[in-house]
*Asks:* 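Below is one structure. I have some questions about it.
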Amino acid sequence: MDIAKYIGLFLLKNHFCYVHGLGNMELIKRPAIHDGKALQAPSYEVIVTQGGSIDDNLANFIATNEQISISKAANTLRDYSIQTKKDLAAGKEVPIADIGKLIETNGKIKFVTDEKFQFTPAGIPTIKNSKQLEEQNAKPVHKPSYPVPHKADSINWSMVILVIILLIIIGGGGYGIWYYTNQNKSINQPVAPSAKDTIIQAPVALIPPDSTQLPKDTTALAAPPLPADTLQVNTYRMIIGDYPTRERAEKRVRNLKINGNNVDMIQKDSLNFLVVTTVNCRVADTTHVIDSLERLFGYKSVMTFK
């Protein structure tokens, strides 16, 4: 495999060629000069720089042309680089066909371009006389043609659809926030207290019926007189609550006293703490008073306490 040939072909094609260990070979153009007698045409020469980007472009180029794997091409290129450095260190010259040769001077690798080397970049025709120049200028210049752009629609339907989608998203988000807020309000609403813990306003003074008043109808039979002891006003202590703990009983008493109720707490035993109130009424009216206290305080077992 002639690696030097592929280095030359790659260099002429791309104007550069990097070989690991040897450096970056660049094809540069020298401007036209006047040597005092005649104008010398521009020329090309190859220089070597100790830089360049490390890549596999040359190995790919060799593998494509030789129809081998890239790894095999890279290994062959590496072996060529090692052998070239040994030859240069021994004072030998390493030729690159039709372009020039590699030499080593003062420990640095240099490239000497062949004096007969001529290079014409691809795509630039060589014009040898005026006739060819006239023919070149007579050729019609190709001008690209572009299709006439269509008139834009008066309504951009894609934007309309996008706006509708955005409105739907915003509306859905607003409804979600409203629904979530209402749910939190319903959850955070206080639960109605139980019957035993309901705060009751101070009971309205009860006006017991006058059992001694006679009916206006004189023809009606008079009610039999009540015993004297049933008309006597006595002081009773009514149980309006029974709690298993002192804390609950004291809390109930505090709530009732805030509303002006005359209540107290009495400990019956270690498991019964009674909430009582004092009522002045006649013996005949105790049943009505108990019914009224049950409705007011929500305690279904109101009873007298002596």
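The analysis underlying the following values was restricted to heavy atoms, covering all of them including side chains, and did not include hydrogens, waters or symmetry mates. Position 1 is the first residue of the sequence; numbering continues from there.
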*Asks:* Minimum heavy-atom separation for Ala249 to Val275, with atom names?
*Replies:*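 Between these two residues, the closest heavy atoms are O-CG2, 4.0 Å.
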*Asks:* How is the hydrophobic cluster of Ile82 composed, in terms of its other members, when Ile, Leu, Val, Met, Phe, Trp and Tyr link through side-chain heavy atoms under 4.5 Å apart, directly or indirectly?
*Replies:*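 Joined to Ile82, directly or through intermediates: none.
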*Asks:* Any chance the side chains of Asp87 and Gln83 put a donor and an acceptor closer than 3.5 Å?
*Replies:*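 Short answer, yes.
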*Asks:* Report whether Ile103 and Leu22 are members of the same hydrophobic cluster (ILVMFWY, side-chain heavy atoms less than 4.5 Å apart, transitive linking).
*Replies:*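 No, separate clusters.
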*Asks:* For Gly21 and Ser81, which heavy atoms make the closest approach, and how far apart are they?
*Replies:*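 In this case the closest contact between Gly21 and Ser81 is CA-OG, 3.8 Å.
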*Asks:* Nearest 0.5 Å please: distance from the OG1 atom of Thr286 over to the CE atom of Met238.
*Replies:*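 Between atom OG1 of Thr286 and atom CE of Met238 there are 6.5 Å.
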*Asks:* Within the side chain of Asn65, is there an N or O that forms a donor-acceptor pair under 3.5 Å with the backbone of Phe61?
*Replies:*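 Judged by distance alone, yes, a pair lies under 3.5 Å.
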*Asks:* Report yes if the distance between the aromatic ring centroids of His20 and Tyr80 is under 6.0 Å, otherwise no.
*Replies:*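 Aromatic pair excluded; centres sit 6.0 Å or further apart.
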*Asks:* Any chance you could lay out the side chain to side chain contact (heavy atoms under 4.5 Å, CB included) test for Leu58 and Ile7, step after step, and finish with the verdict?
*Replies:* CA-CA 8 Å; Leu58 180 57; Ile7 290 176; 4.1 Å; yes
*Asks:* Answer yes if Ile70 and Leu77 sit in the same cluster of Ile, Leu, Val, Met, Phe, Trp and Tyr residues linked by side chain heavy atoms under 4.5 Å apart, and no otherwise.
*Replies:*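 No; tracing contacts between hydrophobic side chains, which count when under 4.5 Å, never links both residues.
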*Asks:* If you define the side chain from C-beta out and look only at heavy atoms, does anything of Trp178 sit under 4.5 Å from Gln183?
*Replies:*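 Contact flag for Trp178/Gln183 side chains = no.
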*Asks:* Within the structure provided, determine whether Ile96 and Ile99 are in side-chain contact (heavy-atom separation under 4.5 Å).
*Replies:*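 Result yes, sub-4.5 Å side-chain heavy-atom pair found.
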*Asks:* Do Asn255 and Asn259 make a side-chain contact, defined as non-hydrogen atoms from C-beta onward lying under 4.5 Å apart?
*Replies:*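 A side-chain contact is absent here, since even the closest heavy-atom pair is not under 4.5 Å.
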*Asks:* With distance as the sole test, does Thr105 use its side chain to make a donor-acceptor pair with the main-chain N or O of Lys108 at under 3.5 Å?
*Replies:*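 Looks like no, no N/O pair under 3.5 Å.
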*Asks:* May I ask you to test the Ile68-Met1 pair for a side-chain heavy-atom distance under 4.5 Å?
*Replies:*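 Contact flag for Ile68/Met1 side chains = yes.
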*Asks:* Please enumerate all residues that pass side-chain contact (heavy atoms from CB on, under 4.5 Å) together with Ala74, with sequence neighbours excluded.
*Replies:*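 Only Ala59 meet the side-chain contact (heavy atoms from CB on, under 4.5 Å) criterion with Ala74.
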*Asks:* Should we say atom CG of Asn272 is surrounded by more than 12 heavy atoms from elsewhere, each under 6.0 Å from it?
*Replies:*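 Counting neighbours around CG of Asn272, more than 12 heavy atoms of other residues, nucleotides or ligands fall under 6.0 Å, so yes.
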*Asks:* How long is the span from the CG atom in Leu271 to the OG1 atom in Thr245, to the nearest 0.5 Å?
*Replies:*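 These two atoms lie 10.0 Å from each other.
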*Asks:* Regarding Asn234 and Tyr236, do their side chains bring together a donor and an acceptor under 3.5 Å, going by distance alone?
*Replies:*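 A pair is found: one side chain offers a donor N or O, the other an acceptor, under 3.5 Å apart.
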*Asks:* Does the side-chain hydrogen bond (donor to acceptor under 3.5 Å, both in side chains) test come out yes or no for Tyr44 and Gln118, once each step is laid out?
*Replies:* CA-CA 7 Å; Tyr44 287 85; Gln118 292 183 352; over 6 Å; no
*Asks:* For Ser71, does its backbone N or O pair with a side-chain atom of Asn75 as donor and acceptor, under 3.5 Å?
*Replies:*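 Yes.
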*Asks:* Can you confirm whether Asp285 sits close enough to Arg282 that some side-chain heavy atom of one is under 4.5 Å from a side-chain heavy atom of the other?
*Replies:*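 Contact flag for Asp285/Arg282 side chains = yes.
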*Asks:* Apply the test side chain to side chain contact (heavy atoms under 4.5 Å, CB included) to residues Ile3 and Ile62: give CA-CA distance (whole Å), side-chain angles for both, the deciding distance (0.1 Å), then the verdict.
*Replies:* CA-CA 8 Å; Ile3 299 297; Ile62 296 173; 4.0 Å; yes
*Asks:* Taking all non-hydrogen atoms of both residues into account, name the closest pair between Pro95 and Glu93 and its distance.
*Replies:*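 In terms of heavy atoms, the two residues are closest at CD-O, 3.6 Å.
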*Asks:* Nearest 0.5 Å, please: how far is CG in Leu11 from CG in Leu27?
*Replies:*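 That separation rounds to 5.5 Å.
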*Asks:* Is any side-chain heavy atom of Leu102 less than 4.5 Å from a side-chain heavy atom of Val48?
*Replies:*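 A side-chain contact under 4.5 Å exists here.
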*Asks:* Set out, in order, the CA-CA distance, both residues' side-chain angles and the distance that settles side chain to side chain contact (heavy atoms under 4.5 Å, CB included) for Arg237 and Asp264, then state yes or no.
*Replies:* CA-CA 10 Å; Arg237 304 190 75 179; Asp264 293 305; 4.0 Å; yes
*Asks:* Kindly indicate whether the side chain of Thr49, heavy atoms from C-beta on, has any atom under 4.5 Å from the side chain of Glu26.
*Replies:*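 Side chain of Thr49 against side chain of Glu26, heavy atoms only: contact under 4.5 Å found.
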*Asks:* Decide yes or no for Leu274 and Met265: does some side-chain heavy atom of the first lie under 4.5 Å from some side-chain heavy atom of the second?
*Replies:*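 Not in contact.
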*Asks:* Would you check if there is a donor-acceptor pair between the side chains of Asp269 and Gln267 at a distance under 3.5 Å?
*Replies:*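 No, because no side-chain N or O of Gln267 sits under 3.5 Å from a partner of the opposite role on Asp269.
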*Asks:* Using a 3.5 Å distance criterion without hydrogens, assess whether the side chain of Thr113 forms a donor-acceptor pair with backbone atoms of Gly100.
*Replies:*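 It does not hold such a pair.
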*Asks:* Mind checking the CZ-CD1 spacing from Arg254 to Ile258? Nearest 0.5 Å is all I need.
*Replies:*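 Rounded to the nearest 0.5 Å, the CZ-CD1 separation comes out at 8.5 Å.
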*Asks:* Treat each ILVMFWY residue as a node, draw an edge where side-chain heavy atoms are under 4.5 Å apart, and state whether Val279 and Leu296 are in one component.
*Replies:*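 Same hydrophobic cluster.
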*Asks:* Distance from Met25 atom CE to Tyr18 atom OH, nearest 0.5 Å?
*Replies:*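 With rounding to 0.5 Å, CE (Met25) is 10.5 Å from OH (Tyr18).
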*Asks:* Same hydrophobic cluster for Ile47 and Leu88, using side-chain heavy-atom links shorter than 4.5 Å among ILVMFWY?
*Replies:*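 No, it is not one cluster - the side chains of Ile47 and Leu88 are not joined through contacts under 4.5 Å.
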*Asks:* Would you please test Phe119 and Glu45 for side chain to side chain contact (heavy atoms under 4.5 Å, CB included) and show each step?
*Replies:* CA-CA 9 Å; Phe119 175 72; Glu45 68 175 342; over 6 Å; no
*Asks:* Looking at CG of Leu12 and CG of Asp98, how far apart are the two atoms once the value is rounded to the nearest 0.5 Å?
*Replies:*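 Those atoms lie 9.0 Å apart.
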*Asks:* Are Tyr243 and Phe273, when compared by the centres of their aromatic rings, separated by less than 6.0 Å?
*Replies:*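 No, they do not, as the ring centres are separated by 6.0 Å or more.
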*Asks:* Asn280 and Thr235: side-chain donor and acceptor closer than 3.5 Å?
*Replies:*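 Asn280 vs Thr235: donor-acceptor pair found between side chains.
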*Asks:* Within the side chain of Asn60, is there an N or O that forms a donor-acceptor pair under 3.5 Å with the backbone of Asp56?
*Replies:*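 Yes.
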*Asks:* Does any N or O in the side chain of Asp114 come within less than 3.5 Å of the main-chain N or O of Lys116, such that one atom is a donor and the other an acceptor?
*Replies:*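 At least one qualifying donor-acceptor pair exists.
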